[in-house]
Amino acid sequence: MSHPLIITCAITGAETSKDKVPHLPITPAEQAVAAEEAVRAGASIIHLHVREADGKPSQRTERFDESIRAIRARVPEAIIQISTGGAVGESTENRLKPLTLRPEMASLNLGTMNFGNDVFMNHPKDIVALADKMNELEIVPELEVYEAGMLESGFRLAKQGVLKSPLHFQFVLGVPGGMSGDPRNLVHMVSLLGEGYHWGVAGVGRFQLPLAVQALVMGGHVRVGFEDNIYYKKGEIAKSNAQFIERVARIANELGREIATPAVARKLLGLR
Ligand code: KMH
Ligand code: ZN
């Protein structure tokens with residue numbers, strides 16, 4: 001556990017609604033407050049989805065621009081990682097467009113899968129198009145992996161030169177259609193990595209906390225937030241995104257795992 005812990009906060013997502021979580025941050029101003037609280041609590045990366053004023057998931061560049069500006073005004077040190085996954089069904093064209101804002105990082109989903117009752121399409125040519133655009137604009141991709149085959153696709157794309165080392169994988173476990181959050185799944189994924197990779201875990205729903213703790217012990221990074229899970233504990237909706245970060249930071253401290261500041265995270269991940 002020699003390297004510091006990078007905590008990512010996925011503050012909004014594309015699936016949760018204000019009906020379920022009335023305090024879900026969806027406007028640029030709300031997202032800026034949520035991002036600031038998360039960073040003060042120990043997060044260094046903000047994984048960002050945006051919504052229209054009515055709450056609908058959006059990949060509109062202008063909307064990303066507004067949210068990024070609002071976040072930067074409140075918490076300039078935060079690393080902003082925009083989603084190119086968007087909501088299920090979003091066109092590749094729309095998923096590509098906000099990259100022109102040149103955030104430091106963006107998500108890159110490495111395969112097609114059933115996603116609950118939907119199909120999350122990631123055609124091989126679209127994955128390459130997104131990766132090429134990120135390379136061109138010097139945006140570091142976070143590679144979203146939901147099952148082991150996608151991890152191996154990542155290795156293949158690196159061999160082909162489409163992805164540049166060091167690769168940064170995010171194991172998103174617990175989506176119905178992908179691997180569950182069974183601890184053996186994370187052990188298996190990590191066992192496939194050699195040297196020279198970064199990895200983190202985003203546990204979905206009830207898997208969020210146990211997988212976060214497992215990653216802390218195994219030396220990985222951690223993502224928490226309303227995108228992946230809304231419950232602080234069974235039957236109790238979290239008060240804020242920061243409440244999730246505070247808990248991870250507390251456990252990391254107990255385990256003697258140092259928490260990366262955004263500056264340290266930038267260095268570790270080789271951001272520009
Ligand atoms: N909303 C999911 C279908 C990402 O941000 O890149 C995809 C997602 C992954 O959230
Ligand atoms: Zn996302």
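When a ligand or atom number is given, it counts from 1 through the structure's own listing order. Start at 1 with the first residue, then count along the sequence. The basis for the numbers below is simple: all heavy atoms, side chains too, and nothing from hydrogens, waters or symmetry mates. Bear in mind that the values here come from a model prediction, so they are computed numbers and not experimental data.
- Checked by atom type, the side-chain pair Q31/S67 shows a donor-acceptor distance below 3.5 Å.
- Taking distance alone, with nitrogen or oxygen atoms compared against 3.5 Å, F115 stays at or beyond that limit from ligand 1.
- Residue contact check: Y146 has heavy atoms under 4.0 Å from atoms 9 (C) of ligand 1.
- Under a 4.0 Å N-O distance rule, the pair R60/E52 qualifies as a salt bridge.
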Please test F64 against K97 for side-chain contact (heavy atoms from CB on, under 4.5 Å), starting from the C-alpha separation and ending with a verdict.
CA-CA 10 Å; F64 269 109; K97 276 184 198 159; over 6 Å; no
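- Between the side chains of N229 and Q208, a donor-acceptor pair is found at a separation under 3.5 Å.
- Atom NE2 is the N, O or S atom of H49 at the shortest distance from the Zn ion (ligand 2).
- Residue contact check: N109 has heavy atoms under 4.0 Å from atoms 4 (C), 6 (O), 9 (C) of ligand 1.
- Of the N or O atoms in E144, none lie within a sub-3.5 Å distance of an N or O in ligand 1.
- Closest heavy-atom contact between L137 and R272: O-NH1, 3.8 Å.
- Listed by number with element, the atoms of ligand 1 under 4.0 Å from a non-hydrogen atom of S83 are 4 (C), 5 (O), 6 (O).
- At a cut-off of 2.8 Å, E227 coordinates the Zn ion (ligand 2) through an N, O or S atom.
- Here V172 has no heavy atoms under 4.0 Å from ligand 1, in either its backbone or its side chain.
- Distances from the Zn ion (ligand 2) to the N/O/S atoms of H47 are shortest for NE2.
- Around atom 6 (O) of ligand 1, the closest heavy atom drawn from G86, A106, A87, S107 belongs to S107.
- The shortest N or O to N or O distance between E227 and ligand 1 is under 3.5 Å.
- In this structure, H221 and H3 have tilted ring planes: the angle between them lies in the 30° to 60° band.
- Within the 4.5 Å cutoff, the side chain of N185 has no heavy atoms near those of the F171 side chain.
- Listed here is the closest heavy atom pair of K239 and H23: O-CD2, 2.9 Å.
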